[in-house]
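Below you'll find the structure, written out as structure tokens, and then a few comments.
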Amino acid sequence: MDHRQALRCRALTLVNIHCRRGCSAGLIYDISHNGMFVLSEAIPEINDHVDIHMALSSEDGSPVRVPGRVVHRGKNGFGVRFRELGSAARGTVKKFLAVCRA
């Protein structure tokens, strides 16, 4: 059974992952309005808070911080549910979803 609450779209975007164990690189595999799956060799623990930094789409060129909580883990990555998205992060998620639905 699929536990997702929203349809996910492929994103395939490089990101930096910040969590209590440090920083690592990853690749957003898919994204929805309330979460994403990140491919990564470094997989945080379930319930860890993470900040996903996307090096695109902010108006001033700085990385966009997307805060989340790890809700599941796999052998090649982890699922994140978004939490308290700021306007830049919300705008970035909307851009991804608009592109894949176009």
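Keep in mind that the numbers below use all heavy atoms, side chains included, and drop hydrogens, waters and symmetry copies.
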When you compare the side chain of [Y] with that of [X], does any pair of heavy atoms fall below 4.5 Å?
{"X": "V64", "Y": "H53", "answer": "no"}
{"X": "F78", "Y": "P44", "answer": "yes"}
{"X": "V66", "Y": "M36", "answer": "yes"}
{"X": "I52", "Y": "V38", "answer": "yes"}
{"X": "L85", "Y": "P67", "answer": "yes"}
{"X": "M54", "Y": "F96", "answer": "yes"}
{"X": "I31", "Y": "F82", "answer": "yes"}
{"X": "H18", "Y": "R65", "answer": "no"}

Looking only at atom types and distance, does a side-chain atom of [X] sit under 3.5 Å from a main-chain N or O of [Y], one as donor and one as acceptor?
{"X": "T92", "Y": "R90", "value": "no"}
{"X": "S40", "Y": "A25", "value": "yes"}
{"X": "R21", "Y": "I43", "value": "yes"}

* Is the gap between the ring centers of F37 and H72 under 6.0 Å? -> yes
* Show the numbers, then the answer: is there a side-chain contact (heavy atoms from CB on, under 4.5 Å) between V80 and V50? => CA-CA 8 Å; V80 173; V50 295; 4.0 Å; yes
* Asked: Can you name the residues that form a side-chain contact (heavy atoms from CB on, under 4.5 Å) with H49, not counting sequence neighbours?
  -> R69, R83
* Could you list the residues that satisfy side-chain contact (heavy atoms from CB on, under 4.5 Å) with L27, not counting sequence neighbours? => L12, L14, L39
* Calculate, to the nearest 0.5 Å, the distance between atoms CG and SG belonging to D30 and C9 respectively. => 8.5 Å
